[in-house]
Amino acid sequence: MKICILSDSHDNRTLLASAVQDAKARGAVATLHCGDVVAANTLGVFKKLDMPAHVIYGNNTGDLYTLSRMAHESGNLIHFYGQDAGITLHGRTIFIVHYPHYARALACTGEWDMVCCGHDHRYLVEQVDNIRGGKTWMVNPGTVGGVGKPPTYVLGDLELMTFEVLPVPA
């Protein structure tokens, strides 16, 4: 199962749509958004592209009430969790949190196969040693909105546990 991992769209619907379209063309079937969506109508991109999205809010929260209402509409593909989320996809346990320092701490617990974050607009994909003697993937896709850095996202393969940082097509 391939997934699109992105963060920090900051209302840039054009770049968000471009990243999701590119990931979908590469076989992604779901998206993880690690925060800073801001305006709720930005999430309309996922509806138009028929892509399930797992979303948290980050520190640029925007209209949380509307984000929550959108996620509860009948037949909606948007799953809005609030400030963080623990989910299972393709048998993999995934934690989504906005801040990298929290992500690193959660990765160290060994309770998750992968921990995803955003916030600092710098992409990073690495394995973190955990207290159970194993390794946990920590994935920060950078900023899909291109805020202060070139726009990027991560294409992940949950079967192989491989991750590729990709530029967002213009």
Side-chain angles (χ1 to χ4, degrees), residues 1-64 66-82 84-85 87-90 92 94-98 103 114-125 137-170:
M1 175 183 191
K2 291 186 180 178
I3 59 171
C4 174
I5 307 166
L6 43 78
S7 188
D8 296 272
S9 52
H10 292 278
D11 289 341
N12 193 323
R13 291 177 203 87
T14 302
L15 289 174
L16 178 62
S18 183
V20 174
Q21 286 171 331
D22 190 59
K24 193 170 183 178
R26 294 170 186 262
V29 297
T31 298
L32 309 180
H33 194 303
C34 304
D36 284 359
V37 173
V38 190
N41 61 5
T42 300
L43 296 179
V45 165
F46 298 111
K47 288 181 183 180
K48 289 178 186 172
L49 297 174
D50 195 32
M51 175 74 83
H54 301 271
V55 182
I56 63 167
Y57 63 68
N59 64 297
N60 288 284
T61 55
D63 184 356
L64 296 178
T66 303
L67 284 168
S68 182
R69 281 191 53 218
M70 284 180 71
H72 290 92
E73 291 174 1
S74 179
N76 197 350
L77 297 173
I78 299 165
H79 308 279
F80 178 66
Y81 299 96
D84 57 37
I87 64 173
T88 300
L89 290 176
H90 198 67
R92 302 291 187 176
I94 302 166
F95 198 87
I96 310 166
V97 64
H98 189 60
M114 175 175 61
V115 179
C116 300
C117 63
H119 184 63
D120 63 8
H121 301 189
R122 293 185 295 232
Y123 62 80
L124 174 72
V125 176
W137 282 101
M138 185 170 146
V139 178
N140 183 335
T143 171
V144 74
V147 179
K149 303 274 185 194
T152 55
Y153 78 95
V154 168
L155 183 68
D157 185 321
L158 295 180
E159 184 172 338
L160 302 174
M161 291 305 279
T162 57
F163 306 94
E164 182 180 6
V165 178
L166 295 169
V168 176

Less than 4.5 Å apart, side chain to side chain, heavy atoms only: is that true for [X] and [Y]?
X	Y	value
L16	V20	yes
H90	I3	no
H10	H121	yes
L89	L32	yes
I5	M114	yes
F80	V37	no
D36	V147	no
D50	L77	yes

Legend entry - Whether over 12 other heavy atoms sit under 6.0 Å from F163 CZ: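 Check passes, neighbour count above 12.
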Legend entry - Pair listing, side-chain hydrogen bond (donor to acceptor under 3.5 Å, both in side chains) test, anchored in residues 139-162, at least two apart: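 Of all non-adjacent pairs touching residues 139-162, those that pass side-chain hydrogen bond (donor to acceptor under 3.5 Å, both in side chains) are D22-Y153, D120-N140.
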On a heavy-atom basis, which atom in [X] and which in [Y] lie closest, and how many Å separate them?
X	Y	answer
S9	H33	OG-NE2, 2.9 Å
D8	H98	OD1-CE1, 3.4 Å
V144	A19	CG2-CB, 3.5 Å
A30	M1	CB-CE, 4.0 Å
P169	S18	O-OG, 2.5 Å

To the closest 0.5 Å, what do you measure between [atom1] ([X]) and [atom2] ([Y])?
X	Y	atom1	atom2	answer
I78	M51	CD1	CE	12.5 Å
D11	T42	CG	OG1	3.5 Å
I56	C117	CD1	SG	9.0 Å

Inset, instruction - Examine distances only and state if a side-chain atom of K24 and a backbone atom of L49 form a donor-acceptor pair shorter than 3.5 Å. - result: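 Indeed, once roles are kept as given, a pair shorter than 3.5 Å links the two residues.
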Inset, instruction - Please confirm whether the backbone N or O of P141 pairs with a side-chain atom of S7, one donor and one acceptor, at under 3.5 Å? - result: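 No; zero donor-acceptor contacts below 3.5 Å.
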Inset, instruction - Establish, from distance only, whether the side-chain atoms of H79 and H54 form a donor-acceptor pair under 3.5 Å. - result: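 No.
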